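Here the structure comes first, spelled out in structure tokens, and everything after it is commentary.
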Amino acid sequence: MSPTIPMADGNLAAADPVASLVQSVDWLAIAPPTIAAAVALAVLVADLFLPAARKPLLGWIATAGLALAALSLLPLLDGDRRTFCLTGHPDVCSYVADPFALVIQFLVLAGALLTALLSIDTIKDHDLPTGEYWFLLLSSAAGAALLPASRDLATLVIALEVASLPAFALVGLRRGSRLSSEAALKFFLSSVAATAVMLLGVSFLYAATRSLYLSRVAHALTDLPDPRLATLAAAGVALTLVGFAFKTAAVPFHFWVPDTYVGAPLPIAAYLSVIGKAVGFSGLILVTVEGFPSYADVWGPALAVLAALTMTVGNVAALRQDPHRVHSAVRLLAWSSVGQAGYLLVPLAAAGYADNPAHAIGSTIAYALMYGAVNLGAFAVVALVARTRPANRITDYRGLYARRPLVALALGFFLLNLAGLPPGIIGLFAKVTVFSSAVDAGLAWLAVVMAVNVVIALYYYLQWTAVLFRGAKETEGAEAADRTAPPARIPAALTTAIALATVLGIALSGAPQLVLRFASGALL
């Protein structure tokens, strides 16, 4: 008689114990996160042997590693690849490199690459520990690249924590900075609380469905035999969504954002604003659309309310920022990112009302691609200005066009994209697609709320853009001398980051429909 052993989904199967535990590994499919993780370890080891004068070499090694990880996506474009599947059930897998995963992995790795370029000079300017910084950044990027390909709740949680835990340390890496320490502590405590809530939800779902695989969870949730299990599953769905809502900075789980962005090194604030959101939204898409489709009548309205609250709170708070306040530029971008998260939630909420959520999810992905390019570009310019204006007030950007015309034009282009105004065609196109997804789903009230918020956002984006082209005020002393002195040379890595973000934004604006078509094909 063949022995029975527990399978990964909680069922018993009669099989040879050794054969049942053997799973094939598709190394090509898992190459993107694996390369990032391997380079992270290589950088950490190399840091032990390199003399201090050659530590900057680690930054270029890390950047090359991220570029290689991004290039490893190319061989995967020919179709879906699955690995870590149940023996005898090739369609039930923990890792799936489908078009959805590849698009999010591209966003994550390209964003991490731009973050690395921003970081090279920041590490020198703020005397950050080089080896630790690059190890933590690459480790977080590896976890972020793993998450969109995860297809079971355990792997999702692990990937989420691998992406998040290094980020806590990166936020607090500035030695002797009270702002950095407070930001890291607030980020850590709130994130740990959200993770605990999500783990409780996952445990409830496993108890109710006896599986962690999203496809089997979805099937089990449609027909739970015991009403008590149905109640347990409903609680698990709600708690799991709360955990991912924190990662997306959705209101009321957004309170950590402004202080964290201000206290973190600027490249890490940029990283959190883009890659952190990519992680949260990809996880939210997976658990709702693939894991909980039978609860669409619950999470659809809930996400619609969250979207309305998030965009409204974020934009109103950004509108109230004092341009003369210290770090007002970073705070405005922080609150703006909360408002942008609200726009990203709109198509996801619409997917809960649609028979086929493909178009709605495509709108979210297209908006995320636009937002990632231009928001990283805006942070790159902010990092440049911070080299001479550490206070980083919005008023410090007055007359930037006179000092650095190309940089001012780039920042103006990024801000107009975020506002959804020409010549930022991709920003306008992304907002129109998000708006249309709400209308098509019958969420007219949410479309109205979004329209009002777009108008609110126009004011503060245009106000900042106008500051760039105003003449510098005549002042006395060192500041006046600084305004009239020829601008210092921009570091090569920072120049490359700004140029890449600008070129990407222009390219996307030149063919916005291709972005939506590409994103719409990247579905589950």
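Predicted, not measured: the structure shown is a model, and the values here were computed from it.
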Quick one: closest heavy-atom pair of [X] and [Y], and the distance?
X	Y	result
Leu138	Ala36	CB-O, 3.8 Å
Thr364	Leu348	OG1-N, 3.7 Å
Ala245	Phe253	CB-CD1, 3.6 Å
Val439	Ala447	CG2-CB, 3.9 Å
Gly314	Val338	CA-CG1, 3.9 Å
Ala501	Ala373	CB-O, 3.7 Å

May I have the step-by-step check of side-chain contact (heavy atoms from CB on, under 4.5 Å) for Phe100 and Ile285, ending in yes or no?
-> CA-CA 10 Å; Phe100 169 80; Ile285 289 170; 3.9 Å; yes
Just wondering, do [Y] and [X] contact through their side chains at under 4.5 Å, heavy atoms?
X	Y	value
Ser337	Lys277	yes
Pro32	Leu109	yes
Val242	Met198	no
Leu303	Leu284	yes
Thr248	Leu306	no
Leu117	Leu494	no
Trp464	Leu333	yes
Phe379	Pro267	no

Parallel, tilted or perpendicular: which fits the ring planes of Trp256 and Phe187, with parallel below 30° and perpendicular above 60°?
->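 Plane angle under 30°, so parallel.
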Reported [atom1]-to-[atom2] distance for the pair [X] and [Y], which is rounded to 0.5 angstrom:
X	Y	atom1	atom2	answer
Tyr343	Asn453	OH	CG	5.0 Å
Ile361	Glu290	CD1	CD	11.5 Å
Arg398	Leu468	CZ	CG	11.5 Å
Trp60	Trp134	CH2	CH2	8.5 Å
Leu500	Leu504	CG	CG	8.5 Å
Leu266	Thr115	CG	OG1	11.5 Å

Run the numbers on Leu406 and Thr502 for side-chain contact (heavy atoms from CB on, under 4.5 Å), then give the verdict.
-> CA-CA 10 Å; Leu406 292 179; Thr502 305; over 6 Å; no
For Pro148, which of Ile104, Leu102, Val103 qualifies under side-chain contact (heavy atoms from CB on, under 4.5 Å)?
->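 Between Pro148 and the candidates, side-chain contact (heavy atoms from CB on, under 4.5 Å) is satisfied uniquely by Ile104.
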Of Ile275, Leu376, Leu66, which is the lone residue that meets side-chain contact (heavy atoms from CB on, under 4.5 Å) with Leu114?
->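 Testing each of Ile275, Leu376, Leu66 against Leu114, the sole residue satisfying side-chain contact (heavy atoms from CB on, under 4.5 Å) is Leu376.
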I'd like to check the side-chain hydrogen bond (donor to acceptor under 3.5 Å, both in side chains) partners of [X]; sequence neighbours left out, ordered by chain and number.
X	value
Gln463	none
Tyr460	Asn315
Ser437	none
Ser180	none

Look at the side chain of [X] and the backbone N and O of [Y], then say whether any donor-acceptor pair between them is shorter than 3.5 Å.
X	Y	result
Thr312	Leu309	no
Ser191	Phe188	no
Ser140	Leu137	no

Residue list, salt bridge (charged side-chain N to carboxylate O under 4.0 Å, His left out) with [X], at least two apart or on another chain:
X	result
Arg325	none
Asp125	Arg387
Glu182	Arg178
Asp259	Lys186, Arg331

Neighbour count above 12 (heavy atom, 6.0 Å) for Tyr401 OH |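 No - once you tally the heavy atoms of other residues, nucleotides and ligands closer than 6.0 Å, there are 12 at most.
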Give a yes or no on whether Tyr459 atom OH has more than 12 heavy-atom contacts from other residues, nucleotides or ligands under 6.0 Å away.
->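 Incorrect, the count does not exceed 12.
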Evaluate side-chain contact (heavy atoms from CB on, under 4.5 Å) for Val171 paired with Leu272, printing each intermediate quantity in order.
-> CA-CA 10 Å; Val171 169; Leu272 292 175; 3.9 Å; yes
Contact list for residues 264-284, test ring-ring contact (aromatic ring centres under 6.0 Å, His included), sequence neighbours left out =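 Sorted pair list comes back empty.
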Under the side chain to side chain contact (heavy atoms under 4.5 Å, CB included) test, which residues partner Ala194, sequence neighbours left out?
->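 With sequence neighbours excluded, Ala194 shows a side chain to side chain contact (heavy atoms under 4.5 Å, CB included) to Phe246, given in chain and number order.
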Would you please test Tyr397 and Val382 for side-chain contact (heavy atoms from CB on, under 4.5 Å) and show each step?
-> CA-CA 9 Å; Tyr397 293 76; Val382 168; 3.4 Å; yes
Are a donor atom and an acceptor atom from the side chains of Asp322 and Ser328 found within less than 3.5 Å of each other?
->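 The criterion, which ignores hydrogens and geometry beyond distance, is not satisfied for Ser328 and Asp322.
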Donor-acceptor pairs under 3.5 angstrom involving side-chain atoms of residues 408-431: please list them, not counting sequence neighbours.
| from | atom 1 | to | atom 2 | distance (Å) |
| --- | --- | --- | --- | --- |
| Asn417 | OD1 | Gly427 | N | 3.2 |
| Asn417 | ND2 | Phe413 | O | 3.1 |
| Lys431 | NZ | Tyr367 | OH | 2.9 |
| Lys431 | NZ | Leu418 | O | 2.7 |

Please list, one pair per line, the donor and acceptor atoms closer than 3.5 Å that link side chains of residues 159-170 to other protein atoms, with sequence neighbours excluded.
| from | atom 1 | to | atom 2 | distance (Å) |
| --- | --- | --- | --- | --- |
| Glu161 | OE2 | Thr195 | OG1 | 2.9 |
| Ser164 | OG | Leu160 | O | 2.8 |
| Ser164 | OG | Lys247 | NZ | 3.0 |

